[in-house]
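Please read all numbers here as calculations on a predicted model, not as lab measurements.
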Amino acid sequence: MGKWFGRSDESEELRTRISELASIIAKLRSQLDELGVKPQIDLSLTAEEQQLVAQGKKIAAIKMYRERTGSSLKDAKDIVDSL
């Protein structure tokens with residue numbers, strides 16, 4: 001049995017909260033776009049992310065990039081694959 005066995009109420013609560021937060025983020029991004037404000041995030045790969053790619057650890061590099069930038073999986077994969 002897994003860690004969450006018998007805790008369906010907690011996992012459902014977390015899913016609901018994640019959905020709410022995703023909605024809030026989408027609204028904020030939309031408002032920023034309407035105002036013409038672009039986030040000041042460095043979208044290039046860090047030295048550590050580049051090192052992971054060089055070691056053949058693309059998935060780890062993609063994960064690290066996404067956590068740092070908030071990029072979609074597709075965007076992060078495209079950036080990592082561009083090396």
Side-chain angles (χ1 to χ4, degrees):
M1 302 294 164
K3 177 180 176 181
W4 296 102
F5 181 75
R7 297 184 182 182
S8 64
D9 56 329
E10 281 185 42
S11 59
E12 186 58 36
E13 183 178 323
L14 288 172
R15 283 188 194 97
T16 300
R17 186 67 181 138
I18 289 169
S19 178
E20 291 169 354
L21 291 171
S23 177
I24 291 168
I25 290 169
K27 287 177 186 175
L28 289 172
R29 285 184 176 161
S30 176
Q31 290 173 348
L32 288 173
D33 285 344
E34 288 175 13
L35 294 171
V37 176
K38 299 293 179 196
Q40 299 297 318
I41 298 173
D42 183 6
L43 298 177
S44 60
L45 292 176
T46 64
E48 187 177 2
E49 292 160 350
Q50 291 176 19
Q51 184 178 12
L52 287 170
V53 173
Q55 295 170 350
K57 299 178 180 178
K58 283 188 172 185
I59 294 173
I62 291 168
K63 180 179 178 185
M64 184 178 289
Y65 182 85
R66 289 188 70 204
E67 288 172 354
R68 181 174 60 85
T69 66
S71 295
S72 69
L73 177 58
K74 182 189 181 315
D75 289 343
K77 183 180 182 313
D78 289 346
I79 293 290
V80 169
D81 286 343
S82 71
L83 280 184

Is there a side-chain contact between [X] and [Y] (heavy atoms, below 4.5 Å)?
X     : Y     : value
Glu49 : Arg68 : yes
Leu52 : Met64 : yes
Ile24 : Lys27 : no
Ser30 : Glu34 : yes

Practice task
Check for a donor-acceptor pair, side chain of Thr69 on one end and backbone N or O of Tyr65 on the other, with a separation under 3.5 Å.
Solution key: yes
Problem - Backbone N/O of Glu12 and side chain of Thr16: donor-acceptor pair under 3.5 Å - result: yes
Using 0.5 Å steps for rounding, measure from the [atom1] atom of [X] to the [atom2] atom of [Y].
X     : Y     : atom1 : atom2 : result
Thr46 : Gln50 : OG1   : CD    : 7.0 Å
Gln55 : Gln51 : CD    : CD    : 4.5 Å
Ile62 : Asp75 : CD1   : CG    : 11.5 Å

Practice task
Walk me through it: do Asp78 and Lys74 pass the test side chain to side chain contact (heavy atoms under 4.5 Å, CB included)?
Solution key: CA-CA 6 Å; Asp78 289 346; Lys74 182 189 181 315; 2.8 Å; yes
Problem - Over all atoms of both residues, closest heavy-atom pair of Ser71 and Ala76 - result: CB-N, 4.4 Å
Exercise for the section: Using a strict cut-off of less than 4.0 Å between a Lys/Arg side-chain nitrogen and an Asp/Glu carboxylate oxygen, indicate whether Arg29 and Asp33 qualify as a salt bridge. Expected result: no
Practice task
In plain terms, say whether Lys58 and Asp81 are close enough for a salt bridge, that is, a side-chain N and a carboxylate O under 4.0 Å apart.
Solution key: yes
Practice task
Decide whether Leu73 and Ile59 are clustered together by the hydrophobic rule: side chain heavy atoms of Ile, Leu, Val, Met, Phe, Trp, Tyr closer than 4.5 Å, transitively.
Solution key: no
